[in-house]
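Convention: sequence-line order gives letters A, B, ...; per-chain numbering from 1.
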4 protein chains.
Amino acid sequence: MQTEKLPRREREKLRQRQEMLAAAFDLFSQKGYHNVSMHEIAVKAEFAIGTLYRFFDNKEDLYKALVLEQCDKFEDAVARAIGDGDDEVEKLRNYVRTKGERFRGNLPFVRLFLAESRGASFNIKAGLDEELRKRYYAFLERLALIFDSGIKNKRFKNVTDPYHLAVALDSVVDAFLLLWLDAPERHPYPEDPDTILDIFLKGLVDP
Amino acid sequence: MQTEKLPRREREKLRQRQEMLAAAFDLFSQKGYHNVSMHEIAVKAEFAIGTLYRFFDNKEDLYKALVLEQCDKFEDAVARAIGDGDDEVEKLRNYVRTKGERFRGNLPFVRLFLAESRGASFNIKAGLDEELRKRYYAFLERLALIFDSGIKNKRFKNVTDPYHLAVALDSVVDAFLLLWLDAPERHPYPEDPDTILDIFLKGLVDP
Amino acid sequence: MQTEKLPRREREKLRQRQEMLAAAFDLFSQKGYHNVSMHEIAVKAEFAIGTLYRFFDNKEDLYKALVLEQCDKFEDAVARAIGDGDDEVEKLRNYVRTKGERFRGNLPFVRLFLAESRGASFNIKAGLDEELRKRYYAFLERLALIFDSGIKNKRFKNVTDPYHLAVALDSVVDAFLLLWLDAPERHPYPEDPDTILDIFLKGLVDP
Amino acid sequence: MQTEKLPRREREKLRQRQEMLAAAFDLFSQKGYHNVSMHEIAVKAEFAIGTLYRFFDNKEDLYKALVLEQCDKFEDAVARAIGDGDDEVEKLRNYVRTKGERFRGNLPFVRLFLAESRGASFNIKAGLDEELRKRYYAFLERLALIFDSGIKNKRFKNVTDPYHLAVALDSVVDAFLLLWLDAPERHPYPEDPDTILDIFLKGLVDP
DNA sequence: GATGAATGAGGTTTCATTCAT
DNA sequence: AATGAATGAAACCTCATTCAT
């Protein structure tokens, strides 16, 4: 973003917005949507509450903006990782590694999504906002393309639908990360991405 | 549970408790934790609100009891499925099938866990209550035992840690189910469990 | 109302309701609907604000209940006055006298309707709630019946529609009362009802 | 007003003021004083909110200016009507007709006074601002003069105080107009002013 | 033991007004 | 002079929890 090119007023506005989002981010990720008040956010962001409402229509709106912004960043990083790499296996390795790094290096981000889930959640990406869901599906398609290309190259055997493989890989990465989050020593996230990847590459039974 | 052996008074109490939990279940799964009031639950359960508080310390406590009870049922069914089957592959098939059936046949149960997640949730089973987490780990160990036994039998190649395989399989099943939940026509849950299982059994690359 | 016959609990409830209405009456009539807060009413009535909301759904609801209750009392008195009297002229005299007395003896009641009108109001009974309007029309019909009966008896000449006469008489009484309210010395309300009545009874021009 | 003679700067200011008042008029008459914000007025008038405050001390002040301006126009028209006509009856007819036309042809003006009255209003011109009240009394005196002159001419019998007659006539016209406003088909405003006037001219009982 | 009326802190949101630019 | 972003008090209303009956 070329914020430097914007008029001073616009830049200032953007900066304020970022400060509000930052304050909200901290609070929401620590306490969950329902346990944070607009008053609290305003105090933390050092703005009057009315100013908050000049930038966001309501609490829901603020939350959505926050989530989308965070997802943007995350997605960009992961998408870049998918792009990098000479062959399909390399690309998948980059994906597993990058997602792991990003996730573990940005715990508040993760908590933003988990903080609200009271007690338990069996889900992945369910209850997603329409917008977020669309993005997630688009991402899965991109991941599926790698498997597809690998199959077309004969680098991979044609055992299952590439989309299914994408769903599976992504969910397994999530699962390992969440185990790690819960008990890092008990469930260390594998430094070597092949630890996860091999589950898909090597079969359990011979053909 | 052998409720018949309990004194009449105790039996009565248990029945009341169940009615409260049933009412709470309906409401929480439909509207999410924060959008249900104790008053609402009391009305639906046809008890005075004060009576609710004789059975549960507070709203949080009621919710936890509810979640644990529901998980109990779910786990029992899935554990039974794991037990059934002549060989390891059969057991895994039963697991994939049963989890799918239970999940899809009990949507309110699923919503109980999802209703609250605002906007997004990348996670699986994170934010779990201590108790629930412990159970989940215990369940994973049981699932891992199947892979372990398969490896010891030479039915499976020894490609990865059995615990990792358990984590992976469980998360993939969840992922498919959540896709199905979100858009059943677009993401039909496979009738044949092998569709999912093959991802793990057949490898993508030759050894 | 036979409040003594009601169960104690009901009686208590009714008493509380009356206290709330009384507090609201005072405040609304002094400051107008928009300048009174629910908090203020709660404090004045010596109840918690939540208790207020157990009796009335919201501020609007409380206001309506108040207005209707006050109108009930007023209407009853005026209706009784219309009933009393041997002939039509006597009935009309009673009406003019009673309305004057009631009105002047219950200033807060009057202010309840005027307090809100900011600055000015050319109207009478406009902006009335559906319910109130219906009542008002019903009352006019009753007043018209007196003129009608007078005409049928030949006691009155048949110069205009009785309903018009009713509208006219009522509005003139209101007008005199409002002038009095504004400046009692300058515009004393006539002790003798004939002062007002004669406007209608005696014509300005000979037939 | 001879705006052409004023310096350009003054003329400009006056024009701006009129635009503000026009915007406020539309909004207040549609939604009532309390349901219109200064922000809304500023946007509609296409001025900055701060500029609004350079012309009017506060919201109340703006409202008063608006009401007074509107009353001016209305009064002028009605006063002219009173002046016109060869004899007293003709003058009164003109008054009844003109007030009816003005009122019915300028509904927003009427709503300006009614929009705020919550639920009910028994009043006419009560709660009037000091200034408005003075004007209203002055107008009544003018109307009374017609009756007075009629009596002095022997055109009218001397049955009551001319001022009383003025009050009565004005209030009756108001009453008919408000009935019409509320339900035009049910209460059509009489095309022929004599329908109203006759109530005062012809008596109900013979002398 | 069961009841549910009462509580009041605290939630979200609005808006008249100010004042630095 | 004109602007409009910023302010924050205050509005309405909800609801988890208590406790006298």
| message | Looking at B:Lys13 and B:Glu10, is there a salt bridge between them, counting it only when a charged N and a carboxylate O are closer than 4.0 Å? | response |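 A salt bridge is absent here (no side-chain N lies under 4.0 Å from a carboxylate O).
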| field | Side-chain ion pair, D:Glu40 and D:Lys44, N-O less than 4.0 Å | value | no
| query | OP1 or OP2 of F:dA6 less than 4.0 angstrom from a side-chain nitrogen or oxygen of A:Gln16, does that happen here? | reply |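 Yes.
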| said: Whether C:Thr51 contacts E:dT7 is assessed here as follows: a side-chain N or O lying under 4.0 Å from the phosphate OP1 or OP2. Is that the case? | reply: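 So the side chain of C:Thr51 is within the cut-off, an N or O lying under 4.0 Å from OP1 or OP2 of E:dT7.
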To the nearest Å, how far apart are [X] [atom1] and [N] [atom2]?
X       : N      : atom1 : atom2 : value
B:Tyr33 : F:dA16 : OH    : P     : 8 Å
A:His39 : E:dT14 : NE2   : C1'   : 17 Å
A:Tyr63 : E:dT12 : OH    : P     : 14 Å
D:Leu52 : F:dT3  : CG    : P     : 10 Å
A:His34 : E:dT12 : NE2   : P     : 9 Å
D:Phe56 : E:dT17 : CZ    : C1'   : 16 Å
D:Glu10 : F:dA1  : CD    : P     : 10 Å
C:Ile41 : F:dC13 : CD1   : P     : 11 Å

Output the distance between atom [atom1] ([X]) and atom [atom2] ([Y]), rounded to the nearest 0.5 Å.
X       : Y       : atom1 : atom2 : result
A:Phe25 : A:Gln18 : CZ    : CD    : 11.5 Å
B:Ile41 : B:Lys59 : CD1   : NZ    : 7.0 Å
C:Gln16 : C:Arg54 : CD    : CZ    : 9.5 Å
A:Gln30 : A:Asn35 : CD    : CG    : 12.0 Å
B:Tyr33 : B:Leu66 : OH    : CG    : 11.0 Å

What pairs of nitrogen or oxygen atoms, one from the protein and one from nucleotides 19-21 of chain E, lie under 3.5 Å apart?
none

| message | If you only use heavy atoms from C-beta on, which nucleotide in F:dT17, F:dA11, E:dT7 is closest to the side chain of C:Lys59? | response | F:dA11
| field | Nucleotide nearest B:Met38 when distance is taken to its side chain, options F:dA11, E:dA9, F:dT17 | value | F:dT17
| message | If a pair means Watson-Crick or G-U wobble with both distances below 3.5 Å, what does DNA chain F look like in dot-bracket form, with | marking bases paired to a different strand? | response | .||||||||||||||||||||
| field | Along DNA chain F (nearest heavy atom to each residue), the more 5'-positioned of A:Phe47 and C:Asp57 | value | A:Phe47
| request: Report the residue (C:Asn58 or D:Arg54) whose heavy-atom-nearest nucleotide on DNA chain F is the more 5′ of the two. | output: D:Arg54
| task | Evaluate the ring planes of D:Phe28 and D:Tyr63, with Trp represented by its six-membered ring, and classify them as parallel (under 30°), tilted (30 to 60°) or perpendicular (over 60°). | result | perpendicular
| Which part of the nucleic acid does D:Val43 contact within heavy-atom distance under 4.0 Å: base, sugar-phosphate only, or nothing? | nothing
| field | Touch class at under 4.0 angstrom, heavy-atom based, for A:Phe55 against every strand present | value | sugar-phosphate
Please output the side-chain donor-acceptor pairs of residues 46-53 of chain C that fall under 3.5 Å, not counting sequence neighbours, one pair per line with the distance.
none

| request: Between B:Ala48 and A:Glu40, just flag the one whose closest nucleotide in DNA chain E comes earlier from the 5' side. | output: B:Ala48
| message | Restricting to non-hydrogen atoms, name the atom on D:Leu112 and the atom on D:Gln70 that form the minimum distance, rounded to 0.1 Å. | response | CD2-CG, 4.0 Å
